[in-house]
Structure formats: structure tokens, C-alpha cells
Amino acid sequence: MKRFSKFFAVAIFCLSLANSARLFALPAVSRQIEDASGEYVFYRDNSFKRESYIGFLYYDESTYEARYFAPQSKTDSGEILPAKNLQILFSVNPAASYFELTGERFVTPPLEEDTQIINYIHDLLYEITARRIKLGTLDFIDYSKSKVDFLSEGKSFRDDYAQFGGNVTMIFDSIVPIFNLKKIIDYAGNELFVVCTIGRLASSQDKSFAEFVPPSAMKNYSEKDKKIKSAGAMQIEHTAQLNEKQKFRQEVSADKNWQAQSENMWTFGDNAFIFLSGFAFPKEISQQGKNFVAAQIMRRYCASNGYAYSDWGALSVYVDDAKIKINANTYNPKTGRNLVDIKTFGQAAENFYGCFSFTAFTDGYKKNRGYYDKIIKSYSFKIE
């Protein structure tokens, strides 16, 4: 259980949509999901010659942070470029009808060569915000009708954007914090600026924004995974009392390889775990329709959690009338571990959802995909 606790406990967290803390938004931007303090987004910026990432962190209505990060890389001529990290804390006028920068402070001391990057970040803040303001309030995406990949789904906005070479298509989605921007594509279909992860800091001590690195910059932990042999059939069950008359029941068809660790959590040694839970939405959320509910769930469960970064390049979402399924891949640069994190949310009542969570090491999942997928697909729920 020691290894299990270290690498899987991060995946267990509760959905809390009835937050009493005040929420804010980017100045002059009209939106239906407000940003919460500590939310952030990182983009892969392909307009640079070297591999580069730019992140934005929201503290409150007048305080933000921007970060540029480039991992160590090698040029075509063989020159080694050291990693570069630049962080800027800046203030804005929350009452302005446009993005108005009122001050800035460098968290990391800039070099003279960083001037161009600093000016570029300033331009991004002004230009992306101006285009987001033009869109007004975004409609929520109906993912049940999606016919494109996850990162291509959203509200398209075409514009002439000199900073990215001219005519571009910008794709926006409410589940992305701050700008709601998923990606920018040029006239030839090349992705110039694309979201790679979102997240939210857990506390003032959480350094996952300041220490974010992409998968390319981490050393993977290597481990030999064995082929799983099925054991005798076993039903995993969890029942919760909803009210005086009704119970909520969830079931998963597994085998005796799995051991109960609590009333709603089962583990397969140190290789994988299953967690069953449920949550009720406030009526003011559930009454706004399934697309709004789906957006709320995806905003939370597609996000990174601590140093378990969600790789949006490998993220997929499936939505129908009864379920929302999120297939995520997370990586932890502190441990070198890669995880498959699959969550299925089942609508059992108008404002109540069950949650089936499955997590396993990526290599082990790939080697035993048939075994694990059979268990994942068996998830069912009902109100008795």
C-alpha cells in the first residue's frame, strides 16, 4: 500500500461546485463559468524556434501570473540550449472595459535576452483578451454531437492576427480557464498555439504551476509489467443512502485479483485502483441543462492535480444522454510515473451523478488493456 498511496492518492478528490468563495473573471470578459483563484492554463507555443510553453495563472480579479518555459534542447547544429524559465506577476484594472495592465513584477530575474519574450507575453495578454471580449458569452459545447477530436471541439473564431502570421482560426471552449482558448490554427491548418494542460493550485504552497514541465522534459520511470491472469469472478459494489426511501447502487464486474481497501475503494496490488463515489449538483446548476453540467464536470476532472499533470494532447471525452466518460493520461515529473486515469460519470437523477474512477500505470494498462477495459465497461449504476 505504500507505493499505492504515493502514486494514486492524488487521483482521489471530491467535486465541489457549490463553492462559497467569490469567483472572478478576466476583465470585461462575459462568461458562464467564472475562473476560481489558483486556476491556470499552459499552451505549447509553436511560433518559437525551440520547444516553448506559456502559462497563465489566475490569482484574483486584479492579479495574474505568466510563465514562459523552454526545456533543454539541441539545435540542428548540435548546440545545447539550456532550459529557460521566466515568470512575471502582473496586475490589471478589473473595472476596465479592456485589458489594462497596471503593473508587473518579475518572479524570476530576467536576462537582457528575455526582452523579446516579455514583450511577446504582453502582446498575448492584450490581443487574446480583445478577441475573447468580441465573442461575448460562449455557448456550452454539446459533446454528445462531437465529430472531431477533443482539442478541435469548440467555438471557432476567424481573425487576422499579425502576431501569428495573419489569418488564423481560434477555437474557444468554456472548460479552459482564463481566456477559454483551446488553440490557434493558421490558414494551412498548422497548430500555432495549443493548450497542453489546465489545473488549479491546491494552496499557496502548491508549486505545480511554477514547476510545470511538459512530458518531453521528464525522465520516465521504467518498470516491467507482467501479463495479468484472471482470477475467480467477483462483483464490486457500493451503495449509498440518498434519502429515507432511496439508495444509490454502483456495480463493477471484476475478479478476485482486487482487494477492498475501504467501503468504496479497491486495489489490484500496487498496479491499479477503482474508486466509486457520487455527488449532487446544486439545483441552480443542474437546471441549466446537460451541456452546462458536462462543462462543469470536464472543467474539474480534465484538470491537473498537483504534480499529476493532465496531458491534453492525449485527452478524449465521450458524452451521451446518461454518461460522461473522460479518458485522461497524466504524468508526474517528480516520480517519472505515467498514469491512465479513466472516469465515468453516470446521471442517476436530475441533479445526482455517480462516479467510477479507474487509475493504473500506463505501461501496465497497455499490456493488459483487454483485461482492464472489460472491467471498465462493466460499470453500472441505479437508484433503488
Side-chain angles (χ1 to χ4, degrees), residues 11-19 31-34 36 138-150 153-154 173-176 198 200 235-254 263-266 273-303 305 310 312 315-328 340-359 372-384:
I12 305 174
F13 57 99
C14 296
L15 180 67
S16 177
L17 297 172
N19 193 333
R31 66 182 76 206
Q32 290 175 287
I33 299 180
E34 301 291 356
L138 290 175
D139 293 331
F140 291 108
I141 307 302
D142 185 354
Y143 274 90
S144 66
K145 296 180 179 179
S146 180
K147 295 181 180 180
V148 295
D149 65 272
F150 175 71
E153 187 63 81
D173 191 334
S174 294
I175 66 176
V176 181
I198 70 169
R200 184 178 180 185
Q235 199 74 1
I236 289 176
E237 303 174 354
H238 180 247
T239 302
Q241 193 74 38
L242 290 182
N243 50 50
E244 293 181 357
K245 297 181 179 180
Q246 294 179 311
K247 293 181 178 180
F248 177 62
R249 183 180 182 85
Q250 299 176 90
E251 296 182 344
V252 179
S253 298
E263 66 174 8
N264 63 340
M265 185 174 74
W266 293 259
F273 93 88
I274 287 173
F275 184 67
L276 297 175
S277 61
F279 54 86
F281 283 101
K283 287 186 178 179
E284 59 266 25
I285 290 179
S286 61
Q287 290 175 350
Q288 294 190 54
K290 66 176 184 178
N291 294 339
F292 181 75
V293 171
Q296 293 279 2
I297 289 176
M298 285 189 279
R299 177 94 169 224
R300 177 60 58 88
Y301 284 97
C302 291
N305 184 27
S310 178
W312 273 41
L315 188 64
S316 64
V317 172
Y318 172 79
V319 179
D320 61 21
D321 290 335
K323 293 181 181 179
I324 299 169
K325 186 178 180 182
I326 299 171
N327 292 334
V340 171
D341 186 5
I342 299 173
K343 288 181 171 61
T344 302
F345 302 87
Q347 185 176 9
E350 180 184 3
N351 68 328
F352 188 87
Y353 278 73
C355 177
F356 164 71
S357 180
F358 166 87
T359 305
Y372 284 129
D373 282 355
K374 184 177 180 181
I375 293 174
I376 295 167
K377 292 176 182 177
S378 73
Y379 170 65
S380 64
F381 58 91
K382 61 182 177 180
I383 292 180
E384 299 177 332

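All values reported here derive from a predicted model rather than from experimental measurement.
Taking the six-membered ring for Trp and thresholds of 30 and 60 degrees, Trp312 and Phe150 have ring planes more than 60 degrees apart, a perpendicular arrangement.
Residues Phe352 and Phe281 keep their aromatic ring centres 6.0 Å or farther apart. Aromatic pair Phe345/Tyr301: ring centres closer than 6.0 Å. Aromatic pair Trp266/Phe275: centroids not less than 6.0 angstrom apart.
Side-chain contact between Thr239 and Phe248 is absent, with no heavy atoms from C-beta onward closer than 4.5 Å.
Glu384 pairs in a salt bridge (Lys or Arg N to Asp or Glu O under 4.0 Å) with only one of the listed residues (Lys245, Lys247, Arg249), which is Arg249. Screening Lys377, Gln235, Lys374 against Ser253 for a side chain to side chain donor-acceptor pair (under 3.5 Å) leaves a single residue, Gln235.
Listed here is the closest heavy atom pair of Gly154 and Ile141: CA-CD1, 3.6 Å. Closest approach of Tyr379 and Lys323 over heavy atoms only: O-NZ, 3.6 Å.
Using modelled atom types, one finds no donor on one side chain facing an acceptor on the other under 3.5 Å when comparing Tyr143 with Asp320. For the 3.5 Å distance criterion, the side chains of Ser380 and Gln250 fail to qualify, holding no donor opposite an acceptor.
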- List the steps and the verdict of side-chain contact (heavy atoms from CB on, under 4.5 Å) for Arg200 and Arg300. CA-CA 9 Å; Arg200 184 178 180 185; Arg300 177 60 58 88; 4.0 Å; yes
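Asn264 places a side-chain N or O within donor-acceptor distance of the main-chain N or O of Leu276, the cut-off being under 3.5 Å. In terms of modelled atom types and a separation under 3.5 Å, the side chain of Asn243 and the main chain of Gln246 share a donor-acceptor contact.
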